[in-house]
Amino acid sequence: MTKTRSHRSESLIRKNRWTMVAATAAVSAAIIAACGPKSDQGKASTPQSPSPATQAAQPQREPAPAVAQANKVEETTLNKVGLDQTAMDTKANPCQDFYQYACGGWVARTKIPADRTRWMRSFSEIYKRNEQALKTILETASSKKQTNPIMDKIGRFYKACMDEKVVEQAGLKPLKPLLKAIRRVRSRSSLAKAIMLLHKHRIWALFDIGATQDFKDATKMIVGLDQNGLGLPDRGYYIRKGAKADAIRKKYVQHVAAMLKLSGLSQRAATRGAKAVMKIETQIATISKTRVQRRDPKGIYNKVDRVGLKKLMPSFSWASYFKALGYPHLTQITVTSVPFFKGIEKLLHQTKANQWRVYLLWQLLHRMANALPKAFVQEHFKLVQALTGQKVQRARWKRCVSMTDGALGELLAQPYVQQHFTVQARQNARHLIMAISDAFAQRLTELAWMDQATKKSAAIKLHKMAYLIGFPSKWRHYDYAITGTFAANVLAAKASDLQWKLGQVGKPVDRTLWEMTPPTVNAYYEPTKNQMVFPAGILQPPFYDPKAAVAVNLGGMGMVVGHELTHGFDDQGSQFNADGTLANWWTANVSKKFKVRTGCIVHEFGTYQAVPGVKLNGKLTAGENIADLGGVTLAFRAYRALRAKAAKHLRANGFNEDQMFFLAVAQVWCSKVRPAMARLRARTDPHSPPRWRVNGTLRNVPAFAKAFSCHKGTFMNPNKICQVW
Ligand SMILES: [Zn+2]
């Protein structure tokens with residue numbers, strides 16, 4: 001799917017949301033106490049306690065020394081400091097292909113599970129652990145009557161999802177009111193009515209609606225209207241030329257027809273209907289902005305009032321639309337693209353009622369498929385398979401865990417953080433954030449390309465950058481009833497989510513809201529709030545392990561923190577000020593120099609291949625590549641500062657601490673991906689593939705070349721490098 005929000009949070013990795021048709025998560029109010037204290041505060045250290053080098057990072061405020069070299073050396077092993085020696089391929093040359101050197105062994109021995117499209121040493125292993133933990137919680141919650149209202153609610157949602165028999169019996173009955181409205185489409189007014197009803201349940205035909213921060217005023221929430229309405233993952237799928245693209249389109253049309261037929265249409269009507277769907281969606285794709293265009297915050301901010309909106313799409317009854325959603329008086333609106341909504345107006349004139357009926361029916365079936373009987377689920381999976389190469393469907397319980405997380409994320413998170421998140425983990429994260437922040441402050445003073453005025457503004461932005469760790473300070477409520485019918489629950493969850501979002505419009509921005517649920521193995525930076533968020537899910541090994549060496553923790557979690565912090569200063573984040581308002585804080589000259597530096601990254605990454613024949617999109621991945629480069633640079637400096645006064649230095653199987661740091665960075669990204677998924681990601685994912693997140697980043701880091709004594713001119717130590725932060 002296209003992103004439903006008109007502004008974007010920058011996350012560490014991308015979740016492939018379009019494959020999940022269930023309700024999405026979001027957040028709100030009610031306080032619970034902090035998680036169970038498992039802090040080892042006050043415990044005396046024992047003779048077996050880790051050496052000073054392996055203790056949790058403590059923030060220090062002195063500048064990074066030039067070289068960290070203590071005289072005394074303590075011999076240890078890679079496995080003891082938190083690295084995986086067996087993941088390496090020591091036959092590879094670290095100066096030619098460091099990713100292969102650090103991950104080659106892991107790549108050779110790892111098989112992608114049949115129900116997955118990729119597997120990563122860090123993210124996927126933790127995800128699997130978390131998935132099991134959530135399963136245990138949900139099985140407990142659904143196995144017997146619960147007195148705790150949270151356990152009761154998540155238990156009943158999960159149980160209804162797992163009850164395939166009832167799902168089969170219900171068939172399409174839960175969709176009845178929506179199907180009826182679609183069948184009644186005869187005129188423009190009945191079309192508007194059907195769209196309203198679909199949108200009320202977050203079935204985004206043609207476009208979508210939500211609440212967004214006013215880019216020009218970081219204290220205000222307004223309505224955001226965004227392009228949407230496609231069934232394939234990106235506009236390019238409809239437009240691209242060539243045999244591969246043709247083959248996918250052919251499969252897609254067959255799939256649409258199969259879904260329509262399952263819903264009761266005759267073969268003939270389904271085949272004809274699928275063609276109409278393809279025609280409408282191709283027109284929507286043509287007027288949609290590209291992902292690169294959508295990276296321009298100024299371009300996706302177009303404030304209109306209701307009169308302005310009426311001018312864009314005069315044939316659509318906006319008054320009835322807002323009334324039906326329950327918010328008749330909303331007037332402060334931004335649209336992500338003026339030409340898009342003008343294009344939809346044209347489409348309203350060109351398309352016949354019977355074509356609209358079939359398009360809306362398809363959108364409903366497509367977006368609800370995973371909540372419907374088996375025949376729909378299986379047919380939907382065929383499309384997923386064609387696009388991603390996934391071999392088998394994930395087990396039902398796994399899908400139900402995901403869908404419960406999507407629908408009731410902040411309820412499910414409460415027992416999760418009570419059982420699996422510690423005060424210590426939060427403290428560790430806080431220490432790392434301070435260490436990285438200090439490294440950035442220090443780095444700012446050294447940047448020759450920046451003038452004093454801009455440095456001062458950057459320092460203010462850094463100082464104001466907020467961070468949220470673990471889980472939200474107040475939990476969201478979910479005000480809808482859970483029944484025994486799964487599809488009805490999913491619809492209720494979606495409807496409630498939209499109401500909750502639109503309820504924020506006109507109110508002050510709530511900076512305590514989260515965009516990810518706490519068990520998520522990811523992190524993000526939100527430019528409109530100047531805020532970094534680290535869910536409980538990611539604060540565990542191999543990203544952070546209290547038993548691991550400082551160099552390894554900084555190469556793992558430190559790099560993650562540095563990555564998110566740098567997003568505040570990447571090609572997008574740099575356009576928002578310290579409060580999160582879209583405003584220029586750069587002097588013209590420095591701004592020009594910044595563009596040259598980011599241009600270097602755009603060009604360089606544009607030369608790398610995702611899979612043979614598909615190059616990375618340098619512009620699409622620019623923000624993430626800048627963040628990766630800045631993240632490693634800052635984490636390295638922070639690690640050096642933390643170890644500056646160490647009495648002893650570690651040597652693990654002959655590797656010094658600098659080398660351990662870079663091995664840790666690389667081993668976070670050890671991954672395997674199915675070729676179809678690699679192609680899909682190259683076109684839609686703003687992140688570079690793991691190999692380039694390692695090699696593409698580290699070849700621009702002089703400290704790396706030094707650590708591994710790479711000669712000038714080797715791949716990992718090129719003659720010309722790109723540097724931003
Ligand atoms: Zn990122």
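In each ligand, atom 1 is the first atom listed, and ligand 1 is the first ligand listed. Owing to the predicted nature of the structure, the values given are computational and were not obtained by experimental measurement.
The stretch residues 558-571 participates, sequence neighbours left out, in these salt bridge (Lys or Arg N to Asp or Glu O under 4.0 Å) pairs: R295-D571.
Taking 2.8 Å as the threshold, E564 does not count as a candidate ligand of the Zn ion (ligand 1), since none of its N, O or S atoms lies below it. Distances from the Zn ion (ligand 1) show that H563 has an N/O/S atom below 2.8 Å.
Counting only N and O atoms by type, the side chains of E624 and H567 include a donor and acceptor under 3.5 Å apart. Checking Y608 against N695 by side-chain atom types alone, no donor-acceptor pair falls below 3.5 Å.
A cation-pi arrangement is present between R693 and W669 under the rule of less than 6.0 angstrom and at most 45 degrees off the ring axis.
For the pair OE1 of E624 and NE2 of H567, the angle whose vertex sits at the Zn ion (ligand 1) is 100° to 10 degrees.
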